[in-house]
Amino acid sequence: MLQCLVEFHSKVNAVSKNLLDRAMNTLVADVTSEALRCFKQVRRFGMGGMLRATLEIEFMHQILQKYVTNSTSVMFTDIYTTISDCYERRSDTAQQNLQAQLDGVKKTLGEARRATSINFVCFKKERYKTETTPTGSERERSRTPAEPAVPVRSRERTRDRERTKDRDRDGVSEASGSERRRG
(Lines give C-alpha, C1' and ligand atoms only; values in the text may rest on other atoms or scores of the structure.)
Protein backbone atom coordinates (compact mmCIF):
# COMPACT_ATOMS: atom_id res chain seq x y z
CA MET A 1 0.00 0.00 0.00
CA LEU A 2 2.83 2.42 0.80
CA GLN A 3 4.43 1.71 -2.58
CA CYS A 4 1.12 2.69 -4.24
CA LEU A 5 1.29 5.96 -2.33
CA VAL A 6 4.84 6.50 -3.63
CA GLU A 7 3.57 6.00 -7.18
CA PHE A 8 0.62 8.33 -6.56
CA HIS A 9 3.00 10.93 -5.10
CA SER A 10 5.21 10.69 -8.18
CA LYS A 11 2.31 11.09 -10.61
CA VAL A 12 0.73 14.04 -8.79
CA ASN A 13 4.13 15.69 -8.38
CA ALA A 14 4.72 15.35 -12.14
CA VAL A 15 1.39 17.00 -12.92
CA SER A 16 1.27 19.76 -10.30
CA LYS A 17 3.50 20.32 -7.30
CA ASN A 18 0.94 22.80 -5.99
CA LEU A 19 -1.66 20.04 -5.61
CA LEU A 20 0.70 17.50 -4.04
CA ASP A 21 0.25 18.32 -0.36
CA ARG A 22 -3.52 18.62 -0.60
CA ALA A 23 -3.85 15.37 -2.58
CA MET A 24 -1.51 13.44 -0.27
CA ASN A 25 -3.16 14.82 2.89
CA THR A 26 -6.54 13.67 1.59
CA LEU A 27 -5.28 10.26 0.51
CA VAL A 28 -3.44 9.62 3.80
CA ALA A 29 -6.58 10.63 5.71
CA ASP A 30 -8.66 8.22 3.61
CA VAL A 31 -6.20 5.35 4.11
CA THR A 32 -6.05 6.01 7.86
CA SER A 33 -9.83 6.17 8.07
CA GLU A 34 -10.12 2.84 6.27
CA ALA A 35 -7.51 1.28 8.56
CA LEU A 36 -9.49 2.47 11.59
CA ARG A 37 -12.69 1.04 10.13
CA CYS A 38 -10.99 -2.32 9.56
CA PHE A 39 -9.40 -2.48 13.03
CA LYS A 40 -12.77 -1.75 14.64
CA GLN A 41 -14.03 -5.01 13.11
CA VAL A 42 -11.42 -7.08 14.97
CA ARG A 43 -12.78 -8.69 18.11
CA ARG A 44 -9.56 -9.87 19.76
CA PHE A 45 -5.81 -9.80 19.32
CA GLY A 46 -3.38 -12.17 20.91
CA MET A 47 0.00 -10.72 21.83
CA GLY A 48 1.53 -11.49 18.42
CA GLY A 49 -1.37 -9.96 16.51
CA MET A 50 -1.42 -6.88 18.68
CA LEU A 51 2.33 -6.37 18.30
CA ARG A 52 2.18 -6.88 14.53
CA ALA A 53 -0.76 -4.48 14.12
CA THR A 54 1.00 -1.87 16.26
CA LEU A 55 4.21 -2.26 14.24
CA GLU A 56 2.44 -1.90 10.90
CA ILE A 57 0.41 1.14 11.93
CA GLU A 58 3.36 2.85 13.62
CA PHE A 59 5.51 2.25 10.52
CA MET A 60 2.84 3.80 8.29
CA HIS A 61 2.34 6.68 10.73
CA GLN A 62 6.05 7.52 10.83
CA ILE A 63 6.59 7.16 7.07
CA LEU A 64 3.62 9.37 6.19
CA GLN A 65 4.18 11.93 8.97
CA LYS A 66 4.65 14.76 6.46
CA TYR A 67 1.04 14.31 5.32
CA VAL A 68 -0.61 13.63 8.69
CA THR A 69 -3.06 16.41 9.55
CA ASN A 70 -4.58 17.00 12.98
CA SER A 71 -7.68 14.98 12.10
CA THR A 72 -5.53 12.16 10.69
CA SER A 73 -3.46 12.19 13.87
CA VAL A 74 -6.65 11.72 15.89
CA MET A 75 -7.53 8.73 13.70
CA PHE A 76 -4.09 7.20 14.32
CA THR A 77 -4.65 7.63 18.06
CA ASP A 78 -8.04 5.93 17.67
CA ILE A 79 -6.36 3.04 15.83
CA TYR A 80 -3.80 2.57 18.63
CA THR A 81 -6.62 2.65 21.20
CA THR A 82 -8.67 0.15 19.20
CA ILE A 83 -5.70 -2.22 18.93
CA SER A 84 -5.02 -1.91 22.65
CA ASP A 85 -8.68 -2.49 23.53
CA CYS A 86 -8.77 -5.64 21.37
CA TYR A 87 -5.66 -7.09 22.99
CA GLU A 88 -6.64 -10.06 25.10
CA ARG A 89 -4.55 -9.95 28.25
CA ARG A 90 -4.13 -13.51 29.43
CA SER A 91 -1.81 -13.80 32.39
CA ASP A 92 0.60 -11.85 34.57
CA THR A 93 3.52 -13.68 32.96
CA ALA A 94 2.38 -12.56 29.53
CA GLN A 95 2.06 -8.99 30.77
CA GLN A 96 5.63 -9.07 32.10
CA ASN A 97 6.79 -10.39 28.74
CA LEU A 98 4.87 -7.62 26.95
CA GLN A 99 7.46 -4.93 27.70
CA ALA A 100 10.26 -7.09 26.28
CA GLN A 101 8.14 -7.74 23.20
CA LEU A 102 7.40 -4.01 22.77
CA ASP A 103 11.13 -3.29 22.95
CA GLY A 104 11.60 -5.83 20.16
CA VAL A 105 8.92 -4.07 18.11
CA LYS A 106 10.72 -0.73 18.56
CA LYS A 107 13.96 -2.32 17.38
CA THR A 108 12.23 -3.90 14.37
CA LEU A 109 10.58 -0.59 13.54
CA GLY A 110 13.92 1.20 13.54
CA GLU A 111 15.52 -1.47 11.36
CA ALA A 112 12.60 -1.38 8.92
CA ARG A 113 12.79 2.40 8.66
CA ARG A 114 16.52 2.26 7.90
CA ALA A 115 16.12 -0.58 5.40
CA THR A 116 13.34 1.17 3.49
CA SER A 117 14.41 4.79 3.83
CA ILE A 118 15.30 5.13 0.15
CA ASN A 119 11.91 3.71 -0.89
CA PHE A 120 10.03 6.45 0.96
CA VAL A 121 12.36 9.42 0.60
CA CYS A 122 9.59 11.35 -1.18
CA PHE A 123 7.61 11.39 2.08
CA LYS A 124 10.38 12.95 4.16
CA LYS A 125 9.84 16.38 5.58
CA GLU A 126 12.12 19.04 4.19
CA ARG A 127 15.00 19.86 6.42
CA TYR A 128 15.93 23.44 6.96
CA LYS A 129 19.52 24.51 7.26
CA THR A 130 20.86 27.91 8.05
CA GLU A 131 23.36 29.52 5.80
CA THR A 132 25.39 32.66 6.26
CA THR A 133 24.62 35.42 3.80
CA PRO A 134 27.35 37.69 2.38
CA THR A 135 26.42 40.31 5.00
CA GLY A 136 27.09 37.81 7.80
CA SER A 137 23.50 37.23 8.88
CA GLU A 138 21.93 33.78 8.94
CA ARG A 139 18.87 32.72 6.99
CA GLU A 140 16.99 29.45 6.58
CA ARG A 141 17.51 27.54 3.40
CA SER A 142 15.51 24.50 2.39
CA ARG A 143 16.15 21.73 -0.05
CA THR A 144 13.88 18.85 -0.84
CA PRO A 145 15.18 15.50 0.43
CA ALA A 146 15.43 14.01 -3.05
CA GLU A 147 17.28 17.01 -4.49
CA PRO A 148 21.04 16.49 -4.38
CA ALA A 149 23.22 19.45 -3.49
CA VAL A 150 24.86 19.22 -6.94
CA PRO A 151 23.07 17.43 -9.79
CA VAL A 152 24.60 14.03 -10.57
CA ARG A 153 25.35 14.84 -14.23
CA SER A 154 27.07 18.04 -13.18
CA ARG A 155 29.25 16.15 -10.68
CA GLU A 156 30.15 13.59 -13.36
CA ARG A 157 31.10 16.31 -15.88
CA THR A 158 33.20 18.12 -13.27
CA ARG A 159 34.97 14.88 -12.36
CA ASP A 160 35.68 14.13 -16.06
CA ARG A 161 37.04 17.66 -16.61
CA GLU A 162 39.32 17.30 -13.58
CA ARG A 163 40.68 13.97 -14.87
CA THR A 164 41.33 15.51 -18.29
CA LYS A 165 43.15 18.47 -16.71
CA ASP A 166 45.28 16.09 -14.62
CA ARG A 167 46.23 14.04 -17.69
CA ASP A 168 47.02 17.16 -19.71
CA ARG A 169 49.10 18.59 -16.89
CA ASP A 170 51.03 15.32 -16.55
CA GLY A 171 51.59 15.18 -20.32
CA VAL A 172 49.54 12.04 -20.77
CA SER A 173 46.88 12.00 -23.46
CA GLU A 174 44.13 9.48 -23.90
CA ALA A 175 45.63 8.27 -27.17
CA SER A 176 49.07 7.69 -25.67
CA GLY A 177 47.46 5.90 -22.71
CA SER A 178 45.54 3.54 -24.99
CA GLU A 179 48.58 2.99 -27.18
CA ARG A 180 50.61 2.02 -24.12
CA ARG A 181 47.99 -0.52 -23.13
CA ARG A 182 48.13 -2.17 -26.55
CA GLY A 183 51.90 -2.25 -26.65
Side-chain angles (χ1 to χ4, degrees), residues 1-129 140-149 152:
M1 188 263 321
L2 288 172
Q3 284 303 124
C4 291
L5 291 176
V6 169
E7 186 176 345
F8 179 84
H9 182 282
S10 174
K11 288 180 180 182
V12 172
N13 193 39
V15 172
S16 174
K17 291 182 182 184
N18 294 333
L19 294 176
L20 183 62
D21 284 349
R22 188 170 32 161
M24 288 300 298
N25 287 345
T26 301
L27 191 57
V28 169
D30 289 347
V31 167
T32 307
S33 175
E34 183 62 18
L36 177 58
R37 188 188 70 72
C38 291
F39 278 112
K40 283 186 174 183
Q41 294 177 9
V42 175
R43 290 186 187 160
R44 280 182 289 188
F45 279 117
M47 184 182 291
M50 181 272 297
L51 292 171
R52 180 62 186 236
T54 302
L55 174 66
E56 297 290 338
I57 290 300
E58 183 61 22
F59 183 80
M60 183 174 87
H61 191 180
Q62 287 183 16
I63 293 295
L64 299 174
Q65 188 61 45
K66 179 178 179 180
Y67 300 108
V68 173
T69 62
N70 289 338
S71 62
T72 307
S73 185
V74 168
M75 283 189 276
F76 273 110
T77 300
D78 290 346
I79 291 172
Y80 296 127
T81 301
T82 301
I83 292 170
S84 178
D85 291 346
C86 292
Y87 171 53
E88 187 175 283
R89 290 153 182 82
R90 296 207 172 159
S91 67
D92 290 336
T93 308
Q95 284 303 107
Q96 291 170 353
N97 191 25
L98 179 62
Q99 189 55 50
Q101 296 295 328
L102 286 172
D103 291 342
V105 166
K106 287 179 187 176
K107 181 180 176 191
T108 301
L109 180 62
E111 291 169 354
R113 291 283 313 270
R114 281 188 293 283
T116 60
S117 63
I118 193 73
N119 299 37
F120 306 117
V121 72
C122 63
F123 298 143
K124 283 188 109 173
K125 289 185 177 183
E126 291 181 18
R127 293 190 179 175
Y128 294 93
K129 295 182 179 181
E140 282 192 350
R141 174 178 71 90
S142 69
R143 180 168 55 88
T144 59
E147 173 190 358
V152 173

Determine, stepwise, if the pair Ile57 / Phe39 fulfils side chain to side chain contact (heavy atoms under 4.5 Å, CB included).
CA-CA 11 Å; Ile57 290 300; Phe39 278 112; 3.5 Å; yes
How long is the straight-line distance from [atom2] of [Y] back to [atom1] of [X], given to the nearest 0.5 Å?
{"X": "Phe45", "Y": "Ile83", "atom1": "CZ", "atom2": "CD1", "answer": "5.5 Å"}
{"X": "Leu5", "Y": "Met24", "atom1": "CG", "atom2": "CE", "answer": "5.0 Å"}
{"X": "Glu58", "Y": "Arg113", "atom1": "CD", "atom2": "CZ", "answer": "9.0 Å"}
{"X": "Ile63", "Y": "Lys124", "atom1": "CD1", "atom2": "NZ", "answer": "9.5 Å"}
{"X": "Thr32", "Y": "Leu64", "atom1": "OG1", "atom2": "CG", "answer": "7.0 Å"}
{"X": "Thr72", "Y": "Tyr67", "atom1": "OG1", "atom2": "OH", "answer": "13.0 Å"}

CA sep, side-chain torsions, deciding dist, call: Leu51, Thr54, side chain to side chain contact (heavy atoms under 4.5 Å, CB included):
CA-CA 5 Å; Leu51 292 171; Thr54 302; 5.7 Å; no
For the pair [X] (side chain) and [Y] (backbone), establish whether a donor and an acceptor sit closer than 3.5 Å, ignoring hydrogens and angles.
{"X": "Asn25", "Y": "Asp21", "value": "yes"}
{"X": "Thr82", "Y": "Asp78", "value": "yes"}
{"X": "Thr77", "Y": "Ser73", "value": "yes"}
{"X": "Ser10", "Y": "Val6", "value": "no"}

Quiz question: by atom type and distance under 3.5 Å, do the side chains of Gln3 and Glu7 form a donor-acceptor pair?
no
Between Ser84 and Thr81, does any side-chain donor sit less than 3.5 Å from a side-chain acceptor?
no
Looking only at heavy atoms, which two atoms of Ala29 and Met75 are closest? And how far apart?
O-CE, 3.6 Å
Looking only at heavy atoms, which two atoms of Asn13 and Leu20 are closest? And how far apart?
OD1-CD2, 3.8 Å
Mutual orientation of the aromatic rings belonging to Phe76 and His61 [parallel < 30°, tilted 30-60°, perpendicular > 60°]:
parallel
Would a 4.5 Å heavy-atom cut-off, applied to side chains only, mark Leu102 and Leu98 as touching?
yes
Under the criterion side-chain contact (heavy atoms from CB on, under 4.5 Å), which of Lys106, Met47, Met50 is the partner of Gln101?
Met47
Run the numbers on Lys40 and Ile79 for side chain to side chain contact (heavy atoms under 4.5 Å, CB included), then give the verdict.
CA-CA 8 Å; Lys40 283 186 174 183; Ile79 291 172; over 6 Å; no
Could you tell me whether Arg114 and Glu111 make a salt bridge, using a distance below 4.0 angstrom between a side-chain N and a carboxylate O?
no
